[in-house]
Amino acid sequence: MRFCIHRDVLLDGLLKTVPVAEKKSTLPILSHLLLNVADSTLSITATDLEVGIQATYECDIVEPGSLTVPSRKFLEIVRELSPISVTVELQESGRVRVFAGESAFELAGMDPDDYPVWSALEHVQRTSVPAAKLANMIEKTLFAASTDDSRYNFNSVLFDQVDDKTVMVATDGHRLAKIEDEVGLHLDTRVLVPKKSLTDVKRVLDDVKDEVSLGFEPKNMVVSAKNVTMTVRLVDGDYPDYNKVIPTIAEMIVKADRGRLIQTIKRVAVLTSERNKGIFVTFSPGKLEMTATHPDLGTAKDSVEVEYDGNEFEVIFNAGYFLESLGAIDSDAVVLEYRSTGGPLIVFPEPRANYFNLVMPMRK
Amino acid sequence: MWCSNSGKKTGPAYSQRLILHVDADAFFVSVEQVLRPELAGRPVIVGGEDRGVVSSASYEARRFGVRSAMPIVHARRICPHAVFLPPNFEAYKAFSSRMFAIMGRYSPAVEVTSIDEGYVDLTGTLRLHGAPLWEVASRLLDEIRSTLGINASGGLAGSKTAAKMATNLAKPNGLLYLDPARSHLMLGRLPVGAMPGIGEKAQHVLEAHGISTVGDLAAAPLQLLRRLLGRWGPKAAEIASGKYGSPVFCDEGRAQKSYSMERTLDRDTTDYAAVRGLVRKLAEKVAAKLRADGKAAWTIGLKVRYADFTDVSRSMSLRRATNSNLEILACVEELFNKTISRRSPIRQVGVRISGIDEALFQDDLFRPYSGKGSDLDQVRDMIRGKFGFETVRVSGCTASGAVIPSPSKGPLLGSRLGFTCPEAKRPRA
């Protein structure tokens, strides 16, 4: 097997696929890329068994066939090469030779027949969806998904359908993010997409200007855009009824400048305990006062002007969660809503948009 | 007491780093002797009950070979006429805080390393005191003696390690000043085990490679030390050569790092049910202290000392901090089951809770907080505070939180509520 391709084209393919390849896998071949050439097309495949990605490019084929290369080293090499034509060749010894101009490398490949079979799920019906809208929906929710394996169904983002709108929800139990938008999707059932896989999907979406096509089958989601196709294994699990935990009536409504609120939290958060990150927030007319205490180092205090004329009350928040929820808001102003009986704080963009998130307080 | 240096008020003396290490002599015993003057001059030993170890021995008792950490039984054998006293920590704590208050009057930088020893950073206080620092150190020790009536020894040197080594040379009731520029001449000749941080094991390893004095350690090749002692090796050499000095950490306002309790059993035993009961009791007591201070912990640990003095310690870190009785009990239970694997008699057990944090708990959207557990803890702590620990008992439980009948506990009916009344306790089979 031997083919030639321009370094810039190859690099584009690697930047899209290498992040999917498993970094530390019990299955060594998953840290490799599968390169396959046939019909003047190079296809680069990577998978961690949760997500599979394939990117295809035109190339000059001298001899068709397939090979595998260690993904990260191959990317490092191609990144450093001059922008000229690169030749990749599988030698009789089984080693992969990469050369461009005077530069030459030999890499140890593995048997391409051992590479997991990847299916593009051609039979699945797909819908065209605006890539930017989908990317925005992922961005607004992904941060709230859990990384804690003890509640594995929370390690994913929920895709739901309400009338004509697609709803995406993510939560780790401590906070929740929700967005809804008309993207032309019509889901028959709720779908759970793993957080890690969705990060990979987002990376591909960010590169697409117009539309991507999206398809679902019971266990997989397929995303294709231009020359890239991804299949994502879905999570088989329950998801709690998120509507139940979204408060409907607000008693205290606070309007604040998002940037200044973030700055204030960041300053006070310097002296929170590293592990529980608790900051005490006192809502009082015209301002939010914040204090934090580090058990060994000392205390911090600051306040920020806000629009609020209700009763004074104190809530404790994890500064990290509070900052992330404000960071997921696009607008310059935010509205915070809270009920005196407890429950989550709601963070809305101001003016209101199609998304918001919740943050549960801490308790003494 | 002896000292060098003329104490000139010029030159490097103004800016030279000088640290005083203060260590009260036979602290617990000294306090007892102050409180009970009739004990003065007699061999006095403070320690646990018969099965415990010596916490502190007066110099009169030490003459008979009594040492700290020696089993009390052994001490009784070699010094039968000594006065044996149970520890009175309240009194020791009171004396300790008065001692550190005196130290704090000489410099704001005071580091408390244990109940009876600590460091004072006297750097830059020459002008304040208007006297050479060795004289200031001497005044400080005198003030402890005259105010508290206990003796304290001191070491004044250019680093914490050198100061501590100097104190050990000056004991009892002495002060040793080592001029930082020349202290290595003296400290270098000490056996390597005299340096803090070099334990018995490290000493053996070093001596086997021809490193027998502190001076040898300072001059040893770093690669060899790294091989022998790991990462600590090169640092130990740096400390031995006097080039490294860690700062004096002021303890004011610093939070307690861990909560722990240990108990020696009345006799070595393989009755694991009884040991388990004791472990649970210790865990509950430590948990109550944690709650009383408004703290929570991330790490729960258990130590078991077998009859042959081998120690096995095990700990587990939690996903979130806790101060709940039920959760802490479930942890020690799990640790206990993992630790007790061999059929050897047990001598001592201890529970240590660390990773101390403020008691703030993250609420969950999908698991509403009921408050039941913490209310129960609060009520139980209150009853125990008023009527004694044994008035309320907690049933046995597994790590998953399921309630199971426990051999030493009350009936299951009460245990579902989390506690049982002693009156309702069934006689043990």
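Below, chains carry the letters A, B, ... as their sequence lines are ordered, and counting in each starts from 1.
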Verify side chain to side chain contact (heavy atoms under 4.5 Å, CB included) between B/Asp364 and A/Arg151, making sure each step is shown before the conclusion. CA-CA 12 Å; B/Asp364 196 293; A/Arg151 290 162 96 176; 2.6 Å; yes

Are there more than 12 heavy atoms of other residues, nucleotides or ligands under 6.0 Å from atom NZ of A/Lys287? no

Would one find more than 12 heavy atoms of other residues, nucleotides or ligands at under 6.0 Å from atom CD of B/Glu262? yes

Strictly under 6.0 Å, is that where the ring centroids of B/Phe366 and A/Phe154 end up? yes

4.5 Å side-chain heavy-atom contact, A/Asp148 and B/Arg320: no

At a 4.5 Å cut-off on heavy atoms, which part of A/Phe317 comes close to chain B: side chain, backbone, both, or neither? neither

Tell me, out of B/Gly294, B/Gly355, B/Ala321, who's got the most heavy-atom pairs with chain A below 4.5 Å. B/Gly355

Nearest non-hydrogen partners of B/Gln362 and A/Pro361, listed with the distance: NE2-O, 3.4 Å

So OG1 of A/Thr272 and CD of B/Glu358: to nearest 0.5 Å the spacing works out to 11.0 Å

Answer yes or no: does atom CG of A/Asp238 have more than 12 heavy-atom neighbours from other residues, nucleotides or ligands under 6.0 Å? no

Within a radius of less than 6.0 Å around CG of A/Asp188, do more than 12 heavy atoms belonging to other residues, nucleotides or ligands occur? no

Region of A/Leu297 in contact with chain B, defined by heavy-atom distances below 4.5 Å: neither

For A/Ile316, which atoms come within 4.5 Å of any heavy atom of chain B: side chain, backbone, both, or neither? side chain

Check A/Met360 against B/Leu365 and note the closest heavy-atom contact, atom names and distance. CG-CG, 3.5 Å

Ignoring hydrogens, what is the shortest heavy-atom contact between A/Lys364 and B/Phe361? Give both atom names and the distance. C-CD1, 4.5 Å

B/Trp298 to A/Asn276 - nearest heavy-atom pair and separation: CZ2-N, 4.3 Å

Indicate the atoms forming the closest heavy-atom contact of B/Asp357 with A/Ser273, along with that distance. OD1-OG, 2.5 Å

Determine, stepwise, if the pair A/Phe280 / B/Leu360 fulfils side chain to side chain contact (heavy atoms under 4.5 Å, CB included). CA-CA 10 Å; A/Phe280 290 71; B/Leu360 295 181; 3.9 Å; yes

